[in-house]
**Q** 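After the structure tokens below, expect a handful of questions from me.
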Amino acid sequence: MRIPDFKLERYFARWEFAAPYTLCSSDIEGWKMKELLALADSDALARWEGLTLGYTETPGLPALRDEIAALYRGVSSDEVLTFAGAQEAVFVLLNVLLGAGDHAVVTWPGYQSLHEVARATGAEVTLLPLREEDGWAFDVEALRRVLKPQTRVVVVNFPHNPTGALPDRATFEALCALCDERGIYLLSDEVYRLLETDAKDLLPAAVELTPRGISLSVMSKVFGLAGLRVGWLACRDADVLRRCMAYKDYTTICNSGPSEVLALIALRAKERVLARSRALLTSNLTLLDAFFARHADTFRWVRPRAGSVAFPRLLREMPIARFTDALVQSEGVLLLPGDVYDFPGNHFRLGLGRSSLPDALVRLERFISNPG
């Protein structure tokens, strides 16, 4: 396999742990171990205290898969397969479903692995752009126009990274129906699902709507537990899951035992975990609304409908990569230039889920007021 460098990850490798203020993180602020363990019920605490550091079951801890399955309507634990993060799940699934002669359609801008792993299998990939002038809306008819007889997978990501876009239910149901009608698998990256700005906007998971819908999620984003590296696929196609499990024998084989128990604790206390995430986003969005109103001559943004990221645009003539580099050098505030997505328009990714956002905004405001 030959695959290009992952531009976003290479950018973060340079700056993420060097910059004092990371204003572009896609995840919610991580939990402290002590605070997470305080949420444990008696069964989970006993599992933690009696944990043996050996190999674990390839599909995932059965109790953990039970809790993951409970996130979906009509999904059993046998229809859940866990991975070492969402990245492994993407890599395994696309290698199982795609190969030379196949075609995939992937929404764009987006996380690079969603299209580059598909390309690396030998498949042809069509990027389906979301457009700022349309409010980053998903267009089912635009998708229909690019489908081919050999299209095997459509990959979408809603709530969307990096724009925070979310289609309405009718649009999402039409997407699922189109894939079902054409016999196409729908990989739905749902790692930000449950972080809707308005709870009424929550969409069904793809796995709930169509037998060909495969829902991807992870503990990293919504739950603020990126360090656990626990992700999963929920899929009603038993053969696809069987093939993914066999492929996983060549990647991680199994998950980390401590991570599985900690994920179990969080999911059993999910309402408290989600309440923390949502409160942080609500507070930060209030600050950002005021910030962008004050600086409408410098930035334009489409307010995110869900998730923990947004994709504003710099209105100055300065290229966004030069702007972000000058900002981190002078103020220690890290933004992610849209260049890492190879996406035009001077956009940058803004993270909404960190407690340091208020201080970072003060520094960003100082920088744009005194750019020289």
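When a residue number appears, it is its place in the shown sequence, counting from 1.
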**Q** Take Phe223 and Lys221 through the test side-chain contact (heavy atoms from CB on, under 4.5 Å) and record every step on the way to the result.
**A** CA-CA 6 Å; Phe223 300 102; Lys221 310 299 185 182; over 6 Å; no

**Q** Can you tell me if Asp41 uses its side chain to pair, donor with acceptor, with the backbone of Ala44 under 3.5 Å?
**A** yes

**Q** Between Asp5 (side chain only) and Lys7 (backbone N and O only), is there a donor and an acceptor less than 3.5 Å apart?
**A** no

**Q** Measuring from Leu178:CG to Ile184:CD1, what's the distance to the nearest 0.5 Å?
**A** 6.0 Å

**Q** Any side-chain heavy-atom pair from Val230 and Phe83 closer than 4.5 angstrom?
**A** no

**Q** Grouping I, L, V, M, F, W and Y whenever their side-chain heavy atoms are under 4.5 Å apart, do Leu361 and Leu315 come out in a common cluster?
**A** no

**Q** Just by modelled atom types, is the Arg366 backbone N or O under 3.5 Å from a matching donor or acceptor in the Asn370 side chain?
**A** yes

**Q** Rounded to the nearest 0.5 Å, how far does CD of Gln87 lie from CZ of Arg229?
**A** 8.0 Å

**Q** Using a strict 4.0 Å threshold on nitrogen-to-oxygen distance, state whether Asp239 and Arg242 make a salt bridge.
**A** yes

**Q** Does Thr210 reach the main-chain N or O of Ala206 with its side chain, forming a donor-acceptor pair under 3.5 Å?
**A** no

**Q** So do Leu36 and Leu225 actually touch side chain to side chain, heavy atoms under 4.5 Å?
**A** yes

**Q** Could you tell me the separation between the CG atom of Leu61 and the SG atom of Cys254, rounded to the nearest 0.5 Å?
**A** 11.5 Å

**Q** Got Tyr21 and Leu357 here, is their nearest side-chain heavy-atom distance under 4.5 Å?
**A** no

**Q** Side-chain heavy atoms nearer than 4.5 Å, only ILVMFWY residues, links allowed to pass through others: does that put Leu280 and Val362 together?
**A** no

**Q** What distance separates Leu53 CG from Ser256 OG, expressed to the nearest 0.5 Å?
**A** 8.0 Å

**Q** What pair of heavy atoms forms the shortest contact from Arg354 to Asp27, and how long is it?
**A** NH2-OD1, 2.8 Å

**Q** State, to 0.1 Å, how close Leu352 and Gly307 come at their nearest heavy-atom pair, and which atoms those are.
**A** CD1-O, 4.2 Å

**Q** Looking at side-chain heavy atoms only, is the closest gap between Thr82 and Leu233 below 4.5 Å?
**A** no

**Q** Check Ile253 against Thr58 and note the closest heavy-atom contact, atom names and distance.
**A** O-OG1, 3.1 Å

**Q** Should the pair Lys148-Glu124 be classified as a salt bridge under the 4.0 Å nitrogen-to-oxygen rule?
**A** yes

**Q** With a 4.5 Å cut-off on side-chain heavy atoms, are Leu203 and Leu166 touching?
**A** yes

**Q** Would you compute the distance between atom CD1 of Ile214 and atom SG of Cys244 and round it to the nearest 0.5 angstrom?
**A** 7.0 Å

**Q** I'd like to know if Glu208 pairs up with Arg73 as an ion pair, taking the criterion as any Lys NZ or Arg NE/NH1/NH2 lying under 4.0 Å from an Asp or Glu carboxylate oxygen.
**A** yes

**Q** Answer yes when Glu173 and Arg169 have at least one side-chain N-carboxylate O distance shorter than 4.0 Å, and no when they do not.
**A** yes

**Q** So, the side chain of Asp102 versus the backbone of Gly99: is there a donor-acceptor pair under 3.5 Å, distance only?
**A** yes

**Q** State, without any angle test, whether Asp339 and Tyr11 hold a side-chain donor-acceptor pair at a distance under 3.5 Å.
**A** no

**Q** Start with the C-alpha gap between Arg193 and Leu71, add the side-chain angles, then the distance that decides, and say whether side-chain contact (heavy atoms from CB on, under 4.5 Å) holds.
**A** CA-CA 10 Å; Arg193 185 172 179 265; Leu71 297 172; 5.5 Å; no

**Q** Spell out, yes or no, whether Leu202 and Val309 are grouped together once hydrophobic residues are joined by side-chain heavy atoms under 4.5 Å, including indirect joins.
**A** no

**Q** Would you call Asp359-Arg363 a salt bridge at under 4.0 Å N-O?
**A** no

**Q** Is the closest side-chain donor-acceptor distance between Tyr72 and Glu190 under 3.5 Å?
**A** no

**Q** How close do Pro109 and Thr163 get, heavy atom to heavy atom, and via which atoms?
**A** CG-CG2, 4.5 Å

**Q** Between Val222 and Ile28, which heavy-atom pair has the shortest distance, and what is it?
**A** O-CG1, 4.0 Å

**Q** Going through the distances and angles, do Leu314 and Thr298 end up as a side-chain contact (heavy atoms from CB on, under 4.5 Å)?
**A** CA-CA 6 Å; Leu314 176 68; Thr298 301; 4.0 Å; yes

**Q** With the threshold set at 4.0 Å, does a side-chain nitrogen-carboxylate oxygen contact exist between Arg119 and Glu116?
**A** yes

**Q** Keeping the roles fixed (side chain from Glu79, backbone from Ser76), state whether a donor-acceptor pair exists under 3.5 Å.
**A** yes

**Q** Taking Val92 as the starting point, is it possible to reach Met245 by hopping between hydrophobic residues whose side chains are less than 4.5 Å apart?
**A** yes

**Q** When clusters are formed by joining ILVMFWY residues with side-chain heavy atoms under 4.5 Å apart, either directly or through shared neighbours, do Ile265 and Leu51 land in the same one?
**A** yes

**Q** Here's a test for you: under ring-ring contact (aromatic ring centres under 6.0 Å, His included), which of Phe158, Phe172, Trp108 qualifies with Phe138?
**A** Phe158

**Q** Kindly determine whether Asp168 and Thr171 satisfy side-chain hydrogen bond (donor to acceptor under 3.5 Å, both in side chains), including the steps that lead there.
**A** CA-CA 5 Å; Asp168 59 33; Thr171 299; 2.7 Å; yes

**Q** Evaluate the side-chain proximity of Arg294 to Phe299: yes if any heavy-atom separation is below 4.5 Å, no if none is.
**A** no

**Q** Between Phe12 and Phe6 (judged by ring centroids, cut-off 6.0 Å), do the two rings come close enough to count as a pair?
**A** no

**Q** Evaluate the side-chain hydrogen bond (donor to acceptor under 3.5 Å, both in side chains) criterion for residues Glu9 and Tyr111: first the C-alpha distance (whole Å), next the side-chain angles of each, then the deciding distance (0.1 Å), finally the verdict.
**A** CA-CA 10 Å; Glu9 297 299 342; Tyr111 198 56; 2.8 Å; yes

**Q** Quick check against the 3.5 Å criterion: does Arg212 have a side-chain atom that pairs as donor or acceptor with the backbone of Gly183?
**A** yes

**Q** So, taking the atom named CZ in Arg145 and the one named CG in Leu128, what distance separates them when rounded to the nearest 0.5 Å?
**A** 9.0 Å

**Q** Are Leu195 and Ser277 close enough that some pair of their side-chain heavy atoms sits under 4.5 Å apart?
**A** yes

**Q** Start with the C-alpha distance between Arg10 and Val340, add both sets of side-chain angles, then the distance that settles side-chain contact (heavy atoms from CB on, under 4.5 Å), and finish with yes or no.
**A** CA-CA 9 Å; Arg10 290 300 88 214; Val340 302; over 6 Å; no

**Q** Tell me whether the guanidinium CZ or amine NZ of Arg305 lies under 6.0 angstrom from the six-membered ring centre of Trp136 and within 45° of its axis.
**A** no

**Q** Decide side-chain hydrogen bond (donor to acceptor under 3.5 Å, both in side chains) for Thr107 and His160; before the verdict, give the C-alpha distance in whole Å, the side-chain angles of both, and the deciding distance to 0.1 Å.
**A** CA-CA 9 Å; Thr107 49; His160 186 249; 4.6 Å; no

**Q** Quick check on the 6.0 Å ring-centre criterion: do Tyr341 and Phe311 meet it?
**A** yes

**Q** Measure across Val154 and Thr151 and return the closest heavy-atom pair with its distance rounded to 0.1 Å.
**A** CG2-CG2, 4.5 Å

**Q** Quick check against the 3.5 Å criterion: does Asn346 have a side-chain atom that pairs as donor or acceptor with the backbone of Ile320?
**A** yes

**Q** Is there a donor-acceptor pair under 3.5 Å between the side chain of Arg152 and the backbone N or O of Tyr185?
**A** no

**Q** For the pair Arg65 (side chain) and Ser77 (backbone), establish whether a donor and an acceptor sit closer than 3.5 Å, ignoring hydrogens and angles.
**A** yes

**Q** State, with a plain yes or no, whether a side-chain heavy atom of Leu336 is found less than 4.5 Å away from one of Thr324.
**A** no

**Q** Apply side-chain hydrogen bond (donor to acceptor under 3.5 Å, both in side chains) to residues Asn255 and Thr56 and explain how you reach the verdict.
**A** CA-CA 6 Å; Asn255 285 358; Thr56 63; over 6 Å; no

